[in-house]
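Accompanying notes for the structure given below.
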Amino acid sequence: MAASGEEVVESCIFCLIANDRDRETIIIKKTKELVCFRDIYPAAPHHYLVIPVQHIVSCHSLHRGHIGLVKQMAEFGKAVLRDCGIADMTDISLGFHQPPYTSVDHLHLHVLAPSSRISEYLGYKFNPKSSRFVTDKRLLKHLKSKDPPVKGFKRKGVGGRGLRVPLEANKMRECYELVTHSHRSLSITITTLKTPMETRDASGSEDCPFCRIAQGQTDAEILLSDDELLCFRDMKPGATHHYLVVTRTHIDNCKSLQEGDIPLVERMVEMGRTVLERNKVSNLDDVRFGFHIPPFSSVPHLHLHALAPASTMGFKSQLSYGPQSHWFITVDKVLSQLKSRGKVN
C-alpha cells in the first residue's frame, strides 16, 4: 500500500497528472500544492477534479492536520468555477467519494456546477445524503471533531470492535478494503457481512435509472429490445461503438448471477452482436463484451458493455474496459466461472 504523504507513486495516474507526466490530461489550474482538471466522465456541465500534488490515498487517510488542505482544495475548486464564469456559488456541489467508491486511490475533490443540473443518471453518485459521497463541509466537521489519525467514518451500531465502514450494514453485502487501486495494480480484501442476499425485483426501482429506461420513463433511444432485454448507447462511450445491453428485470450486477443465468448472459451477448452488426461493425472478432465488477459498476443494474473496435480503444478506455483491468470482467470469463463454479468471483 502506498503510504499517504509520498510525493509520487509511479502506479498512480493522478500522481502522473500532477507531475505533468500524462500527455492526455489538460490541466486547467495548478499551484505548487494543487492541480485541477476535468473529470473524464462529467456528471454536470462543469465537473472538475482538484487533487493535491502530494499523494494521499483518500478522505479516510485525512486527520485534523489536513483541515487546511481540505479548505484549500474547496477554495481552489470555487476559483476554477469563477474562472469559468460560474457566479452562483449556492448552486454547486463539492465533495469526496469514500472508499470503496473512489475511482482512483489518490485524494480528489469533485467540483460540480450547477448542482441543479447534475445528470439524473449519475446523480446518485454525488448525493450528499448517501454514504458514498461526503461534502467538503461534512468532512471538515468530522476532521475537527476527531484526533488524528482518522481512518474513516464510524457508524453507530455497525460492526463490533470499532469497525469503520462507509455504508450502513443493512445496505451492504460486502466490505471492501482497498489496499491499492490504480491503473496498474489493485488488491482487495473482502469481508462478507451477515446480510440478506440480493433479490431480483421484476418491478425494478424508482431510483434505478436503467429500470426507468426499461419502463419507458426516459427519452433514451432504444436500439433493440424484446420481452427480456433492451439495448441503448452508452452515454460516455469508451469506443467508436459502445452499447449497453440491460435486463428488464432488476438484477444488481454480475455477482448476482448464478449457473441458471448462463442462457440469459448468452442472450445478452447475442443482442449486443446484433446491434453491432446493425451499426455496420463487420469484424466481430475485434469487439469486447463484459461487465464491471462491483463496486465499480456505474449503475447497480446488470448491464453488458458491447464495444467495437476493441483494437482502437484508447489508454483510458483500456483501464475501464480492458481484459487485464481489475474492475472489468469479460463475458467469456463470466460464462466460464458460471459453468465451473455456479457464480462469479
Side-chain angles (χ1 to χ4, degrees), residues 13-14 17-18 22 24-54 56 58-60 62 66-99 101-144 153 166 207-209 212 218-220 233-238 296 298-300 316 320:
I13 184 62
F14 283 1
I17 292 173
D22 179 75
E24 296 184 30
T25 302
I26 299 175
I27 303 299
I28 297 175
K29 195 178 184 71
K30 184 175 182 179
T31 66
K32 290 183 179 180
E33 294 83 20
L34 303 173
V35 177
C36 180
F37 50 93
R38 288 182 175 83
D39 193 299
I40 61 173
Y41 297 115
H46 294 270
H47 188 172
Y48 309 107
L49 300 180
V50 175
I51 66 172
V53 173
Q54 183 183 45
I56 300 175
S58 72
C59 62
H60 285 191
L62 301 176
H66 290 111
I67 289 175
L69 172 64
V70 175
K71 289 181 177 179
Q72 289 174 20
M73 293 175 73
E75 289 304 316
F76 196 69
K78 292 177 182 178
V80 169
L81 291 177
R82 292 190 187 98
D83 291 344
C84 294
I86 302 297
D88 186 2
M89 291 293 119
T90 65
D91 193 18
I92 66 174
S93 181
L94 305 178
F96 303 84
H97 281 127
Q98 298 194 70
Y101 299 106
T102 46
S103 56
V104 176
D105 270 0
H106 184 125
L107 184 69
H108 52 286
L109 172 74
H110 288 271
V111 180
L112 304 101
S115 58
S116 58
R117 293 178 59 190
I118 292 177
S119 166
E120 63 175 311
Y121 300 121
L122 299 176
Y124 72 95
K125 289 186 173 184
F126 305 97
N127 182 353
K129 296 181 181 179
S130 74
S131 297
R132 76 167 61 213
F133 187 73
V134 56
T135 65
D136 62 315
K137 293 180 180 179
R138 181 181 165 212
L139 177 60
L140 285 169
K141 182 179 180 180
H142 179 79
L143 294 176
K144 291 175 182 178
F153 293 84
D207 296 328
C208 174
R212 294 182 61 202
T218 76
D219 58 358
R233 290 181 178 86
D234 192 297
M235 63 183 297
K236 301 295 180 184
F296 303 108
S298 57
V299 176
K316 290 182 179 178
S320 296

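Taking both residues in full, the closest heavy atoms of F37 and I26 are given as CB-O, 3.5 Å, listed atom of the first, atom of the second, then distance. Closest approach of I92 and M89 over heavy atoms only: CG1-O, 3.4 Å. Shortest non-hydrogen contact noted between K236 and D234 is N-OD1, 2.7 Å. A43 approaches F126 most closely through the heavy-atom pair CB-CE1, 3.5 Å. When all heavy atoms of V299 and C208 are compared, the closest pair comes out as CG1-SG, 4.5 Å. Counting all heavy atoms, side chain and backbone alike, G123 lies closest to I118 at CA-CG2, 3.8 Å.
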Worksheet item: Under the side chain to side chain contact (heavy atoms under 4.5 Å, CB included) criterion, do K78 and L94 qualify, and how do the steps go?
Response: CA-CA 9 Å; K78 292 177 182 178; L94 305 178; 3.7 Å; yes
Practice prompt. For Y41 and K125, run side chain to side chain contact (heavy atoms under 4.5 Å, CB included): C-alpha distance rounded to whole Å, both residues' side-chain angles, the deciding distance at 0.1 Å, then the answer.
Written response: CA-CA 12 Å; Y41 297 115; K125 289 186 173 184; over 6 Å; no
Discussion item. Using side chain to side chain contact (heavy atoms under 4.5 Å, CB included), reason through H46 and V111 one step at a time and then give a plain yes or no.
Written reply: CA-CA 8 Å; H46 294 270; V111 180; over 6 Å; no
Worksheet item: Run the side chain to side chain contact (heavy atoms under 4.5 Å, CB included) check on I17 and I27 step by step: do they pass?
Response: CA-CA 8 Å; I17 292 173; I27 303 299; 3.7 Å; yes
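Within the 4.5 Å cutoff, no side-chain heavy atoms of V53 are placed close to those of E33. Between L107 and M73 the shortest side-chain heavy-atom distance falls below 4.5 Å. The shortest distance between side-chain heavy atoms of F14 and V35 does not fall below 4.5 Å. A 4.5 Å side-chain heavy-atom check between P45 and P114 finds at least one atom pair inside the cut-off.
Remark: S119 OG to L112 CG distance equals 10.5 Å, nearest 0.5 Å. Put simply, OH on Y101 and OG on S58 are 14.0 Å apart, with the number rounded to the nearest 0.5 Å. In this structure, CD1 in I67 is found 13.5 Å from NZ in K141, a value given to the nearest 0.5 Å. L69 contributes atom CG, which lies 10.0 Å from atom CG of L143 (distance to the nearest 0.5 angstrom). To the nearest 0.5 Å, the span separating NZ on K129 from OG1 on T135 amounts to 12.5 Å. The distance from atom NE2 of H106 to atom CD1 of I51, rounded to the nearest 0.5 Å, is 4.5 Å.
Formation of a donor-acceptor pair under 3.5 Å by the D91 side chain with backbone atoms of S116 is found in this model. With hydrogens and angles ignored, the 3.5 Å screen pairs a side-chain donor or acceptor of T31 with a backbone N or O of L34. Judged by distance alone, the side chain of H97 and the main-chain N or O of C59 form no donor-acceptor pair under 3.5 Å. A donor-acceptor pair under 3.5 Å is absent between the side-chain atoms of H110 and the main chain of H108, judged by distance alone. Distance alone, capped at 3.5 Å, places no donor-acceptor pair between the T25 side chain and the D22 backbone.
Counted within 6.0 Å of NZ on K137, heavy atoms from surrounding residues, nucleotides or ligands total 12 or fewer; the atom is thus considered open.
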